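Encoded as structure tokens, the structure appears first; notes follow it.
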Amino acid sequence: MEVIICENPEEVVVRGFQTVKKQVERLTEPVLGLATGATMEPLYALMRGLDLSASTTFNLDEYVGLGPDHPCSYAAYMEKHLFSHTKVRKFHLLNGLTEDIPQHCQDYEQAIKEAGGLDLQLLGIGSDGHIAFNEPGSSLSSRTRLKILTSMTREANSKHFPPGEDVPKYVLTMGVGTVMEARHCLLLAYGQSKARAVAGAIEGGVSAFCPASILQMHPRCTMIVDEAAASLLKLKDYYRNVYENKPEWMNSQ
Ligand code: GLP
């Protein structure tokens, strides 16, 4: 796991963008896993300037019961922040209105496989340590399926919903095992509210209690965090030292 500590959120986003850009420009037909949430918004603002016409995308998750016409669906989020600004070769979204959830989830897994797997998976992190919508207790080898949100996540995500509208209880999400098969995972986190989750993910024991901690087992995971999100890390100085002394050839990969 590579941990990059930046001075502020803006730098987190720019460094994250550089990684995405490098992969998109290096690969002939990139397959990107996309995340949602406030963290990703400034990243997508930069990605609009990329040529994604050869890229296939798969989103991580969706609320059950919300279709693309609902402004709080992740389908609407993607349209607003990325797809209406730049053309992608093909995008895949989980359908919150599907009538056959198990079949739909299985088809989604199959579509990822048929696309050749995910080259780069973008990830945010929930303040309870979730990735995608894999809440604490999620099997660390889980596949795309239905999950029930914790009250903490529903509360945190209520900022994206109009006052008085409940955050859906049920969601569809790629599994932890699905995410772990991506060839490169790139997690961005900034702000004090993410400090505990970030510390759990990077320095805690690997446990379903903090699903993001499984990324410690990923062969290629980059975590880009700002000072506030890194504030509870014990080995901060070491991570900085590693980053500053990284051999040049490793940067070109
Ligand atoms: C949601 C998404 C996650 C995201 C998390 C953090 O729960 N399903 O993929 O990482 O929110 O969101 P934010 O970036 O808004 O803090």
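Owing to the predicted nature of the structure, the values given are computational and were not obtained by experimental measurement. The basis for the numbers below is simple: all heavy atoms, side chains too, and nothing from hydrogens, waters or symmetry mates. Indexing begins at 1, ligand by ligand and atom by atom, following the structure's order.
Backbone and side-chain nitrogen or oxygen atoms of H130 are examined, and one is located within less than 3.5 angstrom of a nitrogen or oxygen of ligand 1. Residue A132 places at least one N or O, backbone or side chain, under 3.5 Å from an N or O of ligand 1.
Considering only non-hydrogen protein atoms, atom 16 (O) of ligand 1 sits nearest to K194 NZ, 2.6 Å. In terms of protein heavy atoms, atom 14 (O) of ligand 1 is closest to T39 OG1, 2.4 Å. Looking at atom 12 (O) of ligand 1, its nearest protein heavy atom turns out to be G37 CA, 3.9 Å. Taking atom 2 (C) of ligand 1 as the reference point, the nearest protein heavy-atom neighbour is Y74 OH, 3.6 Å.
Between S213 and V206, the shortest heavy-atom distance links the atoms OG-CA, 3.5 Å.
A distance below 6.0 Å separates the ring centres of Y63 and F161. If you look at F58 and Y108, their ring centroids are closer than 6.0 Å.
When non-hydrogen atoms are compared, ligand 1 lies under 4.0 Å from the backbone of A38 as well as from its side chain. Residue contacts with ligand 1 for M40 are absent, since no atom lies close enough (heavy atoms, distance under 4.0 Å). Counting heavy atoms under 4.0 Å from ligand 1, residue I125 touches it through the backbone alone.
Crowding of E7 atom CD: a count of heavy atoms from other residues, nucleotides or ligands under 6.0 Å not exceeding 12.
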